[in-house]
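Only one structure is covered here, and it is reproduced in the block below.
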Amino acid sequence: MAVTGTDTRTPDSFGTVGVLGAGVIGLGVAADLALHGFRVNLVDHDPAQCASAPARLAEAARIAPMLRPGFPASADRAEAAVQIGTDPAALAECTLIVENVTERLDVKEDVYRLLDTLVTPTAVVAVNTSSIPVARLAAHLSRPERVIGVHFMNPPYLTSAVEVMRPEATTDATLARVGELATLLRKKTIVVGDFPGFVSNRVSHLFFNEAARVIEEHGVAPETVDRIFRDCFGHRMGPLQTADLIGLDTVLHTLDHLRDATGAPRFDSCALLRDMVHRGQLGRKTQQGFYTYQHPAREVPS
Ligand SMILES: NC(=O)c1ccc[n+]([C@@H]2O[C@H](COP(=O)([O-])OP(=O)(O)OC[C@H]3O[C@@H](n4cnc5c(N)ncnc54)[C@H](O)[C@@H]3O)[C@@H](O)[C@H]2O)c1
């Protein structure tokens, strides 16, 4: 099922959109919104993430139009449209908030308790999670009917669809609002149920984990694993390149959550993945994962 927004909305009619979490995906969501003409308040509790955000935003705004032509806002205007800070009070004026904090249930639950004290009664909260059921987080808000899952793929400004997770309590109006947002971002919506990992990550994380296990158990080079998927199956990126792009810590948190939520041993993470995260080799964001990268800020696969 897909939902298409009406064309009566404009970015201005959304007022200011809040983006909570300025990590890999939150920064990309903020860049995508700004390049499509939205005003954005980007909030992260980590001052270091806020300090590096302008450079990461500038890089995204420079690259995105080359790879996906047709953004309505120039790179300069997009950069100017994003206000960055550590104070969550900046979310109080927002009509829609995209939450992108660390993929840990305890962290996200604290954030939803805080959001309940901040957001206006009419604001929509879009949960950008890799595996946590949306209803579990919505339960911490007094208006769970205004909460919905919107799973952006990385990097958001280059993708043409989002996976939408609709819990039972979510109203048609909330769904329509997200449809309008997606239309303005030139994205389709694909609506799925609200179960751990949804469709995308329930499948893809087994694939990432198994690709790492092939290296661990049989010594196959990462390049070889990825080439099989690019050259034989025609995938744009191999599983290990994709895992590096997402962030290996996020991949590991997602596998852990899938294992805890389903009880299925197939989601047990392999030792290589756990060791790499333990050593701080998190993929592109630390310049070292299955591959070595020269540009920490560059979110786009090269
Ligand atoms: N990386 C991806 O490709 C991807 C894609 C879709 C969804 N997601 C989901 O989006 C979320 C973020 O993922 P990410 O890859 O950007 O992670 P990340 O680790 O790169 O960034 C998480 C950010 O959240 C911030 N944060 C943590 N607690 C906070 C709090 N209480 N208040 C404000 N900021 C806080 C951190 O400082 C950090 O900057 C996760 O739920 C993840 O599963 C990630």
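Computed from heavy atoms alone, side chains included, the values below leave out hydrogens, waters and symmetry copies. As the structure is a prediction and not an experimental result, all values here were calculated from the model. Counting starts at 1 for both ligands and their atoms, following the listed order.
- Backbone and side-chain nitrogen or oxygen atoms of Gln49 are examined, and one is located within less than 3.5 angstrom of a nitrogen or oxygen of ligand 1.
- Of all protein heavy atoms, the one closest to atom 21 (O) of ligand 1 is Gly23 CA, 3.3 Å.
- Judged by distance alone, the side chains of Arg274 and Ser269 do bring a donor and an acceptor atom under 3.5 Å apart.
- If you number the atoms of ligand 1 from 1 as listed, the ones under 4.0 Å from a heavy atom of Phe152 come out as 5 (C), 6 (C).
- Considering backbone and side-chain atoms together, Met153 places no N or O closer than 3.5 Å to any N or O of ligand 1.
- No hydrogens or angles considered: nothing links the side chains of Gln83 and Arg39 as a donor-acceptor pair under 3.5 Å.
- Side-chain atoms of Thr170 and Arg166 include no donor-acceptor pair closer than 3.5 Å.
- When only interatomic distances are considered, the shortest N/O to N/O separation between Leu245 and ligand 1 does not fall below 3.5 Å.
- Taking the charged nitrogens against the carboxylate oxygens, Arg213 and Glu210 do have a contact shorter than 4.0 Å, which makes a salt bridge.
- Residue contact check: Leu20 has heavy atoms under 4.0 Å from atoms 33 (C) of ligand 1.
- Of all protein heavy atoms, the one closest to atom 2 (C) of ligand 1 is Ile246 CG2, 3.7 Å.
- Taking the centre and axis of the six-membered ring of Phe14, the NZ or CZ atom of Arg9 falls inside the cone set by 45° and 6.0 Å.
- Each of the atoms 3 (O) of ligand 1 lies under 4.0 Å from some heavy atom of Asn154.
- Salt-bridge formation is detected for the pair Arg113/Asp110: a Lys NZ or Arg NE/NH1/NH2 atom is positioned less than 4.0 Å from an Asp or Glu carboxylate oxygen.
- Taking only non-hydrogen atoms, the option from Asp46, Asp44, Val101 nearest to atom 36 (C) of ligand 1 is Asp44.
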Candidate pair Asp76 and Arg62, rule salt bridge (Lys or Arg N to Asp or Glu O under 4.0 Å), full reasoning: CA-CA 9 Å; Asp76 287 352; Arg62 188 182 68 78; over 6 Å; no

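- When only non-hydrogen protein atoms are considered, atom 15 (O) of ligand 1 lies nearest to Thr250 OG1, 3.4 Å.
- For a threshold of 3.5 Å applied to N or O pairs, the pair formed by Ile25 and ligand 1 contains at least one separation below that value.
- Scanning the protein heavy atoms around atom 10 (O) of ligand 1, the nearest turns out to be Asn128 O, 3.1 Å.
- For the pairing with Arg68, the side chain to side chain contact (heavy atoms under 4.5 Å, CB included) check across Leu35, Ile63, Leu158 returns one residue only, Leu158.
- Note on ligand 1: Glu99 sits outside its first shell, no heavy atom being nearer than 4.0 Å.
- In this structure, atom 31 (N) of ligand 1 lies nearest to the protein heavy atom Val111 CG2, 3.3 Å.
- For the atom pair Arg143 CZ and Thr120 OG1, the distance stands at 8.5 Å (nearest 0.5 Å).
- The nearest protein atom to atom 12 (C) of ligand 1, hydrogens excluded, is given as Asn100 O, 3.1 Å; this is a heavy-atom distance.
- Within the structure, the closest approach of His253 to ligand 1 does not fall below 4.0 Å when heavy atoms are considered.
- In this structure, Arg186 satisfies the cation-pi test against Phe71, with its NZ or CZ atom closer than 6.0 Å to the six-membered ring centre and inside 45 degrees of the ring normal.
- For atom 33 (C) of ligand 1, the nearest protein heavy atom (residue, atom name, distance) is His45 N, 3.3 Å.
- With no hydrogens or angles considered, no side-chain donor-acceptor pair links Glu103 and His257 at under 3.5 Å.
- In the vicinity of Val107, heavy-atom distances shorter than 4.0 Å reach the ligand 1 atoms 28 (N).
- In the model, Asp32 has a side-chain atom that pairs as donor or acceptor with a side-chain atom of His36 under 3.5 Å.
- With a 4.0 Å cut-off on non-hydrogen atoms, Leu27 does not touch ligand 1 at all.
- Side-chain contact of Ser200 with Glu163: a donor-acceptor pair under 3.5 Å is present, judged by distance alone.
- In terms of protein heavy-atom proximity, atom 42 (C) of ligand 1 is closest to Ser130 OG, 3.4 Å.
- At least one N/O-N/O distance between Glu103 and ligand 1 falls below 3.5 Å.
- For ligand 1, the polar-atom distance check against Lys285 finds a nitrogen or oxygen pair separated by under 3.5 Å.
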